[in-house]
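Just so it is clear, the model here is predicted, and its values are computed rather than measured. Note: hydrogens, waters and symmetry copies are ignored here, and every other heavy atom, side chains too, is used. The residues of the chain are indexed from 1 along the displayed sequence.
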Amino acid sequence: MSKMENLWQSSPWACLQKSLGNTVFFVEDILLIQRKLPLGKTLLEIPRACPTEKQWHTILQEAKQRKSIAIRIAPNRENTVLPKGFFALRSASQRFPEYTRIIPLSGSEEEIFSGFSSTGRRHIRQAEKNSVMISVSGDTEQFSNLIKKTASRDGFSAHGKEYFQKFLKAFGEHAILLVAQDEKEWLAAGIFVFWKNTGTYYYGASIDPSRNKNAPTLIQWRAIQEAKKRGCTEYDFLGVAPENDPNHRLARVSTFKKKFGGEVEKYAPETYLLISPFVFFLLNSGKVLRNLFRKKM
């Protein structure tokens with residue numbers, strides 16, 4: 001992914017956070033998010049950015065003034081430097097995944113398609129043969145229902161329709177909800193973001209794999225084509241498991257994403273920089289922090 005102007009440092013992302021009740025502010029060109037905690041405390045988040053030493057100095061001053069117990073940073077590159085003198089704790093949730101899969105869009109559609117695995121190309125052709133139709137939708141209620149079923153099946157938590165409404169409103173023309181369906185029902189759906197030079201697969205849902213007619217594969221191909229049409233130079237699958245880790249929470253979906261080729265890119269792990277360790281562990285033991293971030297990605 002491009003290291004500059006990623007969607008998590010964008011004005012739409014700031015708009016989304018405000019609509020969710022969070023406070024946003026900037027330290028020079030870096031967007032920070034302030035989340036409320038009990039006891040009058042706050043937690044700061046730095047999404048996909050790597051502050052300089054000078055910026056860290058200002059950020060730490062802001063953290064003190066805002067009564068922050070920790071700073072949660074998801075770096076936008078593999079190597080980053082954290083300020084010294086603080087206990088750094090790797091985030092257990094990794095809401096911003098440490099690994100992602102990127103496919104380049106510099107070639108023609110034919111060249112991009114040929115870069116998919118033979119299985120991926122076959123599944124796309126089968127979906128087209130099965131008369132799977134792809135369209136743009138604004139039906140966040142039906143998408144929410146579908147993603148809740150997917151979450152129940154695959155063991156993750158899901159947002160409600162209000163969140164998806166706010167997400168699509170915040171990103172406006174830069175995001176779309178694509179739906180794959182046959183004559184009877186929705187087979188799969190996904191929310192995709194097109195920001196600067198990157199198309200991103202953000203949320204996805206589908207019915208039982210035995211009945212979806214390879215719709216999820218076709219919907220990805222249509223999203224990739226849309227990214228290419230909008231001038232994007234890369235397509236980001238957002239999160240994959242590390243190589244050779246079959247027990248990772250993203251292992252199953254990573255197998256699906258691998259069909260589209262590309263390369264795996266690594267970031268420095270999402271980390272908490274603890275300012276008030278005692279309060280942090282007190283709130284974390286009470287599941288306050290875990291509940292706060294359970295659906296916040």
Side-chain angles (χ1 to χ4, degrees), residues 1-20 24 29 31 47-49 74 76-77 95-97 99-113 115-116 120 124 133-140 143-144 146-147 159 163-180 188-206 215-240 253 256-257 259-265 267 296-297:
M1 177 186 289
S2 171
K3 303 305 182 185
M4 302 298 291
E5 300 181 316
N6 64 68
L7 69 88
W8 299 280
Q9 285 290 311
S10 69
S11 53
W13 189 255
C15 181
L16 172 62
Q17 296 306 314
K18 288 180 182 178
S19 72
L20 296 174
V24 301
D29 59 345
L31 170 68
R48 284 289 184 249
N76 66 338
R77 57 175 178 261
R95 301 304 296 174
F96 288 84
Y99 297 86
T100 190
R101 180 171 290 276
I102 303 287
I103 64 172
L105 304 181
S106 54
S108 65
E109 282 193 8
E110 292 75 15
E111 290 170 329
I112 295 170
F113 187 81
F116 300 165
I124 290 170
M133 303 301 295
I134 309 296
S135 61
V136 177
S137 175
D139 193 342
T140 52
F143 178 71
S144 176
L146 185 60
I147 203 169
H159 297 283
Y163 172 84
F164 296 118
Q165 288 171 346
K166 291 177 180 179
F167 189 100
L168 291 171
K169 181 178 180 181
F171 279 95
E173 64 181 11
H174 300 289
I176 57 174
L177 167 57
L178 288 181
V179 176
I191 290 179
F192 304 86
V193 179
F194 309 96
W195 183 255
K196 301 300 182 181
N197 70 329
T198 304
T200 303
Y201 169 39
Y202 217 98
Y203 296 107
S206 65
T217 307
L218 181 60
I219 209 170
Q220 288 294 331
W221 175 223
R222 294 291 182 263
I224 291 168
Q225 290 175 307
E226 179 66 19
K228 175 72 175 176
K229 179 181 177 181
R230 292 184 182 223
C232 296
T233 58
E234 61 186 14
Y235 186 83
D236 185 0
F237 279 98
L238 192 59
V240 296
V253 71
F256 168 77
K257 294 175 180 179
K259 294 189 298 185
F260 299 92
E263 299 291 336
V264 173
E265 182 171 317
Y267 297 96
K296 291 296 185 181
M297 179 58 175

Honestly, is Arg101 close enough over Phe260, meaning NZ or CZ under 6.0 Å from the six-membered ring centre and within 45° of the axis? no
Can you tell me how far apart [atom1] ([X]) and [atom2] ([Y]) are? Round to the nearest 0.5 Å.
| X | Y | atom1 | atom2 | result |
| --- | --- | --- | --- | --- |
| Thr140 | Ile147 | OG1 | CD1 | 11.5 Å |
| Glu173 | Leu168 | CD | CG | 13.0 Å |
| Ser10 | Leu31 | OG | CG | 8.0 Å |
| Phe171 | Thr200 | CZ | OG1 | 8.5 Å |
| Glu234 | Lys228 | CD | NZ | 12.5 Å |
| Gln165 | Asp139 | CD | CG | 9.5 Å |

Within a strict 4.5 Å, meaning less than it, do heavy atoms of the [X] and [Y] side chains meet?
| X | Y | value |
| --- | --- | --- |
| Glu226 | Phe194 | yes |
| Ser106 | Thr233 | no |
| Ser137 | Phe143 | no |
| Thr100 | Tyr267 | yes |
| Lys169 | Ser19 | no |
| Val24 | Trp13 | no |
| Val179 | Ile134 | no |

We want to know whether Asp236 and Thr198 form a side-chain donor-acceptor pair, criterion being a heavy-atom distance below 3.5 angstrom. no
Can Lys259 and Thr217 be counted as having a side-chain donor-acceptor contact under 3.5 angstrom? yes
Test of ring centre spacing under 6.0 Å for Phe192 and Tyr203: no
With ring centroids as reference points, do Phe116 and Phe113 lie under 6.0 angstrom apart? yes
Qualifying residue for side-chain contact (heavy atoms from CB on, under 4.5 Å) with Phe237, from Tyr201, Tyr99, Tyr202: Tyr201
For the backbone of [Y] and the side chain of [X], can you confirm whether one donor and one acceptor N or O come within less than 3.5 Å of each other?
| X | Y | result |
| --- | --- | --- |
| Ser206 | Ala188 | no |
| Lys166 | Leu16 | no |
| Asn6 | Arg48 | yes |

